[in-house]
Every structure is written in structure tokens, then in C-alpha cells.
Amino acid sequence: MTNSAPKPPSIREILRAYDLDPKKSLGQNFLTDSAYLDRIVETADLTPQDAVLEVGPGLGALTARLADRAGHVVAVELDDRLIPVLRGMFGTREHVEIVHGDILALDPGAFMGSFYKVVANLPYYITNAVVRHLLEASPPPSLAVVMVQEEVAERICAEPGDMSILSVSVQFYAEPSIAFRVPASAFYPRPNVDSAVLRLESRLHPAVASVDGTAPAVDVKRFFTIVRVGFSQKRKQLRNSLSGGLHLPKETVGAALRAAGIEPSRRAQTLSLFEWARLYRALEHET
Ligand code: SAM
């Protein structure tokens, strides 16, 4: 059951009423433009059947909209000054839980149940760590709709030619896409950069395992060792960077690359996720 609440007061009004200053060190840039808040919630396709985890509810602007659409909302906020404000706003709404804590120290898979979504305007100082923490959770969210810096969103969604450890790591777990962009003017205080809302749809199986649908389990640590070594000397040809970093003869690495359908002179940033997957399989007995 969801109940509609009256429109919450503006961010500036709440800050004034509670005598609060936004904390830069916690990435507190509050989204004040209601059209963008509505679009974030629409992007998550919420229904009363959905359980939603919000990271960093701040002063509750997004939380209120999530509470109107979803059957259960868990909002995790680190700043102790904001907890009484949030409890005051949502105390009467039984399907909203305000948790005081650090998202990186909590296990979302443990308290959200088997099927949940994440919707958040992320604190930018820990974006990469939070995205990784969520995607590696067991179980991960089926869908994450998160606001991040525009440049980070673009790096995550990169295609072969511009790939990085970040894009491979996220694309390993999820299919990312940029839903829409948000100008710095939509926030208070105004950040130095523009933002984008990223839609991350978790893959049912990590991409490496789903290459032929029957592949055996993936040693995730080893997969990322290969990726990291490949990217460690980006200007080098893969045959050279991998043979040096994995302590394997160049001939062995060259043969594995060819078996994976990858020209050994290529560089790490040109490989697609699926080429990394094939390379991992081709090197499986060599590393
Ligand atoms: N959701 C609000 C909005 O959209 O206006 C606030 C978003 S603000 C960009 C990020 C929020 O994350 C802040 O409220 C900040 O205090 C909170 N935060 C920062 N680090 C956190 C952490 N490690 N765990 C949970 N919340 C955190």
C-alpha cells in the first residue's frame, strides 16, 4: 500500500528551518528541480510491488517521490544531522525505512531481499565505489537508476576504442545506458560539473558466463587480473602487456589472443566486453 503525502517543502526552506549547511565533504548537492526528480523516478518504472533502496536521501526530495510509487523504500543516509529531518518527514509512512549508516559498510543484498531496485542521486566523491558495491552485492539490484557526474556516466557506457577498467567492470555486471543529462543549475548548491542519470540493468549472469549460455563458472578475480594487466600499459600492444604482466611467453599470449579472435597487436581500450570474455576463456589454463 502506498499513501500520498502533501508536497514537501523546498530544500532551502528545510535547510533554513533546521539551521543546516550542505556538507561538501559528503557530496551534498541537492537536486531541487522537480521535473528532473520526476524523470528519475519515471526511469525506474516503479510499481507498488517494488522494493527500492535509496543511497543518500539527503533532505528527502527523491525519497518522497519513491514513497509515492514503490511498496517499500529503504533510504540509507550517512549524515546524522539529516536523520531527524528524514524521520520527521517519513515517520508516518510505514513503508519507508530511514537507515542511518554508510552504504559501503552495509550489505544491500542482505537487507533488501531477493528483488529490489536502487534509485539514487549519488554522492560523487564515492560514485565508483558505490556502483561497484551495488553491482557486486548478492543479489544485486535488478535495476539501478543513479545520478552520477556526466563524465563518469560516459566512461561507464564507453564502447570499444574508449574502454577502461571502469567500463569493463560495470559492463561485466550490468548493461549501462544514459537515460538523460542534468545541468548543474538543477542542484543546490550548484556543483562544478554537469550530471547524467545512468540506467544499469543487471545481467542475469555475468557476461563472461553467458557467452555460450553453458560456460562454466567465472573466476571473477582472475578475469579482472587479466583486464587490469591488459590496461596497465595502455600504449602497449596486448601481446606485450599481457605476457609481461601475466609472466607468460609472448607466443602463448599471442596464440590465446588469436584463439579469442583478437589481433595480438591491438590495445586494451579497443576490446569489447565480449572480447575480454573470450580472452579470459582462451587464457583459462595459462594463468
Ligand atoms: N537524494 C538527495 C537529492 O537528490 O537531493 C541528496 C543527494 S546528495 C548528492 C548525496 C547524499 O548522500 C547526501 O545526503 C549525503 O549526505 C549522502 N551520503 C554521502 N556519503 C554517504 C554514504 N557513504 N552512505 C550513505 N549516504 C551518503
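Atom set for the values below is all heavy atoms of this structure, side chains included, hydrogens, waters and symmetry mates excluded. Atoms within a ligand are numbered from 1 in the order they appear, just like the ligands themselves. All values derive from a computational prediction rather than experimental measurement.
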- Query: Is the count of non-hydrogen atoms from other residues, nucleotides or ligands lying under 6.0 Å from Arg266 atom CZ greater than 12?
  - Reply: yes

field: is_close_aromatic(Phe231, Trp276), centroid dist under 6.0 Å
entry: yes

Tell me whether the NZ or CZ atom of Arg39 lies within the 45° cone about the ring axis of Phe180 and under 6.0 Å from its centre.
yes

query: How about Asn192: does its CG atom have over 12 heavy atoms from other parts shown lying under 6.0 Å from it?
result: no

Counting only non-hydrogen atoms and a 4.0 Å cut-off, the residues near ligand 1 are Leu26, Gly27, Gln28, Asn29, Phe30, Leu31, Glu54, Gly56, Pro57, Gly58, Val76, Glu77, Leu78, Asp79, Leu82, Gly101, Asp102, Ile103, Asn121, Leu122, Pro123, Tyr125, Ile126

Separation between CG (Leu59) and CG (Leu62), nearest 0.5 Å, reads 12.0 Å

*asked:* Looking only at side-chain N and O atoms, does Ser265 offer a donor or acceptor that is under 3.5 Å from a partner on Gln237?
replied: no

